[in-house]
Amino acid sequence: MRCAITECREYSFQELDSALRKIIDNTEFPDVNGKTVLVKPNILSDAAPEKAITTDCRAVEALLVILKEKGAARIIAGDSPGTQTGKLSTTLSGIEEAVKRQGAKLSDFREENRMHEIDGIRIPMSSALDEADVVISFAKFKTHQLMSATGAVKNMFGTIPGLNKSPLHFRYRTPETFAAFLMKVFDECHVDYAFIDAVIGMEGPGPGSGTPRHVGMMMGSANAYALDRAEALMMGYGSVPLIETAEKLKPGISDAEFPLLQPATLIMKDYRRIGEGKKNTFRSLVIGTIRNAFSRGNSDRPRPVFEEEKCRACSRCVNVCPAKALKIENGHVAFEKKKCIRCYCCHEMCPFDAIKV
């Protein structure tokens with residue numbers, strides 16, 4: 001299969017439309033004519049587009065326009081963030097309005113789901129997967145505290161509604177076991193195609209507390225693993241847990257041809273990767289990669305640190321913690337360190353950047 005990477009310098013409709021069409025024309029894009037299409041953007045939280053936390057609403061809308069033009073009979077777009085307890089909110093991100101303007105349905109994955117059996121356990125997943133003839137993952141180019149990078153494969157973890165994700169982090173505690181589980185979830189989602197919005201990415205402590213970084217690219221492939229491998233390479237990683245695990249289990253799964261730009265020519269040496277400061281170098285990259293390769297247990301990973309002056313006691317970290325290591329006491333987070341499994345769900349979901357790793 002082919003994996004296409006092309007320049008997309010800004011979120012203007014003209015640039016987005018041109019980039020998406022170029023990618024589609026140079027890869028194995030599925031036939032959507034007369035079909036129901038599910039588009040799964042990354043909506044980690046309802047954040048404004050400039051924060052680079054979600055798949056940009058303008059990119060989502062540009063894709064919906066193309067799907068309609070190609071004859072899609074019905075389009076669904078949806079997600080369910082890990083801390084979601086109420087109705088899905090997509091107002092600040094602009095995704096709700098973008099979906100409505102194009103006559104698509106916005107699906108809250110918590111509202112309708114059915115049980116799937118994965119790894120011998122029953123897990124609720126969005127019923128939109130059953131309705132869809134074609135499934136498209138539309139991820140965001142971002143780092144991730146546990147998995148080093150988050151892309152098109154992990155994006156489908158969002159089909160598991162809300163807080164149902166937390167116990168799974170407790171069950172699969174290491175990056176390697178979690179990666180193997182993500183692969184099974186991805187298979188269950190029968191994804192046909194994937195894009196990564198890399199116009200503005202996120203570097204540093206992603207996926208929710210990092211810094212926006214202009215990358216100026218759009219990426220797409222029918223092989224989501226090849227897409228995620230290209231993303232990691234562009235970030236400057238020698239390897240990331242998902243691709244390393246996937247290649248061990250299914251050798252060659254992330255192989256692809258690149259008809260447009262080559263990811264090896266797009267490596268950003270100064271990209272702020274997980275565990276590296278602003279002045280990272282290839283030396284720190286190599287050392288970090290070796291350390292990751294030989295670190296298999298929770299004890300090799302740092303615990304999160306809670307900054308009281310930033311904390312608003314919103315309880316999001318408490319609600320999402322699979323190990324029940326957190327609680328609110330006297331207006332602050334009380335942390336039972338011995339219970340911590342270092343999944344970094346708390347860091348991922350904190351809206352106030354009050355948790356560091």
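Side chains are part of it too, since the values below use all heavy atoms of this structure and drop only hydrogens, waters and symmetry mates.
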Tell me whether Lys51 at atom NZ has more than 12 heavy atoms from other residues, nucleotides or ligands lying less than 6.0 Å away. no
Find out whether Arg213 and Met268 are in side-chain contact, i.e. whether some heavy atom of one side chain is under 4.5 Å from a heavy atom of the other. yes
Could you tell me whether a side-chain N or O of Glu112 sits under 3.5 Å from a main-chain N or O of Ser127, the two making a donor and an acceptor? no
I'd like to know if Val39 and Val185 are part of one continuous hydrophobic network [Ile/Leu/Val/Met/Phe/Trp/Tyr, side-chain heavy atoms within less than 4.5 Å]. no
Check whether any side-chain heavy atom of Phe306 sits under 4.5 Å from a side-chain heavy atom of Cys346, and report yes or no. yes
Any side-chain heavy-atom pair of Phe335 and Arg303 under 4.5 Å: yes
Val60 and Val135: same hydrophobic cluster, using ILVMFWY side-chain contacts below 4.5 Å? no
CG/Leu64 to CD/Glu69 distance, rounded to the nearest 0.5 angstrom? 13.0 Å
About how many Å separate CG of Leu249 and CD of Glu244, when rounded to the nearest 0.5 Å? 10.5 Å
Quick one, Tyr225 with Met183, criterion side-chain contact (heavy atoms from CB on, under 4.5 Å). Give me CA distance, side-chain angles, the key distance, then yes/no. CA-CA 10 Å; Tyr225 290 95; Met183 292 177 66; 3.3 Å; yes
For a 4.5 angstrom cut-off between non-hydrogen side-chain atoms, does Pro263 reach Ile5? yes
Does Val37 belong to the same Ile/Leu/Val/Met/Phe/Trp/Tyr cluster as Phe186, with side-chain heavy atoms less than 4.5 Å apart forming each link? no
For Ala334, enumerate each residue passing the side-chain contact (heavy atoms from CB on, under 4.5 Å) test, keeping only those at least two apart in sequence or located in another chain. Lys327, Glu329
Look at the side-chain heavy atoms of Ile, Leu, Val, Met, Phe, Trp and Tyr, link any pair under 4.5 Å apart, and say whether Ile136 and Ile196 land in one connected group. no
Sub-3.5 Å donor-acceptor pair from the side chain of His169 to the main-chain atoms of Tyr344, do we have one? no
As a quick check of understanding, evaluate side-chain contact (heavy atoms from CB on, under 4.5 Å) for Ile123 and Phe181, giving each step before the final call. CA-CA 12 Å; Ile123 299 170; Phe181 173 71; 3.6 Å; yes
Is there a side-chain contact between Ser45 and Pro351 in this structure, where contact means two heavy atoms from C-beta onward sitting under 4.5 Å apart? no
Just jot down the side-chain contact (heavy atoms from CB on, under 4.5 Å) partners of Ala128, sequence neighbours excluded, or say none. Leu38, Ile76, Ser107, Phe109, Ser126
With side-chain contact (heavy atoms from CB on, under 4.5 Å) as the criterion, how do Leu168 and Ile121 come out once you've worked through the C-alpha distance, each side chain's angles and the decisive distance to 0.1 Å? CA-CA 10 Å; Leu168 298 170; Ile121 54 177; 3.7 Å; yes
Minimum heavy-atom separation for Arg2 and Pro259, please, with both atom names. CB-CD, 4.0 Å
Do Leu106 and Leu92 land in one hydrophobic cluster if side-chain heavy atoms of ILVMFWY residues count as linked below 4.5 Å? no
Contact summary for Val134 and Asp31, nearest pair of heavy atoms: CG2-O, 3.8 Å
Go through the steps to decide whether Glu15 and Arg9 satisfy the test side-chain contact (heavy atoms from CB on, under 4.5 Å), and finish with yes or no. CA-CA 7 Å; Glu15 285 238 8; Arg9 307 304 297 176; 3.9 Å; yes
Once you round to the nearest 0.5 Å, how far does NZ of Lys140 lie from OG1 of Thr55? 6.5 Å
Any donor-acceptor pair under 3.5 Å linking the side-chain atoms of Thr245 with those of Glu176? no
Minimum side-chain heavy-atom gap Arg229-Asp255 below 4.5 Å: yes
Quick one: does Asp192's side chain have a donor or acceptor within less than 3.5 Å of a partner on Ala222's backbone? no
How would you list, by chain and number, every residue that makes a salt bridge (charged side-chain N to carboxylate O under 4.0 Å, His left out) with Glu7, sequence neighbours excluded? none
Do any N or O atoms from the side chain of Ser148 and from the backbone of Val240 form a donor-acceptor pair under 3.5 angstrom? no
d(Thr90 OG1, Glu96 CD) to nearest 0.5 Å is 4.0 Å
Minimum heavy-atom separation for Pro205 and Arg272, please, with both atom names. CD-NH2, 4.0 Å
Non-hydrogen atoms of Ile274 and Gly204 that approach each other most closely: CD1-O, 3.4 Å
According to the ring-ring contact (aromatic ring centres under 6.0 Å, His included) rule, which pairs have a member within residues 120-154, sequence neighbours left out? Phe138-Phe195, Phe141-Tyr271
Supply the atom-to-atom distance Ile341 CD1 to Lys324 NZ, rounded to the nearest 0.5 angstrom. 11.0 Å
Greater than 12 external heavy atoms within 6.0 Å of Lys165's NZ: yes
What pair of heavy atoms forms the shortest contact from Ser137 to Met156, and how long is it? CB-SD, 3.6 Å
Between the main-chain N or O of Val318 and the side-chain N or O of Ser315, is there a donor-acceptor pair closer than 3.5 Å? no
If only side-chain N and O atoms count, and only distance matters, is there a donor-acceptor pair under 3.5 Å linking Ser12 with Glu10? yes
Check this for me, if you would: do Lys184 and Glu188 make a salt bridge, where the nitrogen-to-carboxylate-oxygen distance has to be below 4.0 angstrom? no
Under 4.0 Å between a Lys/Arg side-chain N and an Asp/Glu carboxylate O for Arg58 and Asp56? yes
Arg21 bridged to Asp25 by N-O distance under 4.0 Å: no
Listed by chain and number, what are the salt bridge (charged side-chain N to carboxylate O under 4.0 Å, His left out) partners of Lys356, not counting sequence neighbours? Asp353
Using a 4.5 Å cut-off on heavy atoms from C-beta on, say whether the side chain of Tyr237 contacts that of Ile243. no
Can you pull out every ring-ring contact (aromatic ring centres under 6.0 Å, His included) where at least one residue sits in residues 57-96? Sequence neighbours excluded, please. none
State whether the side chain of Asn155 and the backbone N or O of Lys40 hold a donor-acceptor pair below 3.5 Å, judged by distance alone. yes
Do Ser254 side-chain atoms and Ala226 backbone N/O form a donor-acceptor pair below 3.5 Å? no
Side-chain donor or acceptor of Asp197 paired with backbone N/O of Val199 under 3.5 Å: yes
For the pair Arg312 (side chain) and Phe352 (backbone), establish whether a donor and an acceptor sit closer than 3.5 Å, ignoring hydrogens and angles. no
Could you grab the distance from atom CE of Met218 to atom CD1 of Ile23, nearest 0.5 Å is fine? 6.5 Å
Within a strict 4.5 Å, meaning less than it, do heavy atoms of the Thr265 and Phe258 side chains meet? no
For Pro241 and Leu146, the nearest pair of non-hydrogen atoms, with its separation, is CG-O, 4.4 Å
Sidechain-backbone polar pair: Ser166 side chain, Val320 backbone, donor-acceptor under 3.5 Å: yes
Mark yes when over 12 heavy atoms from residues, nucleotides or ligands other than Glu257 sit less than 6.0 Å from its CD; otherwise mark no. no
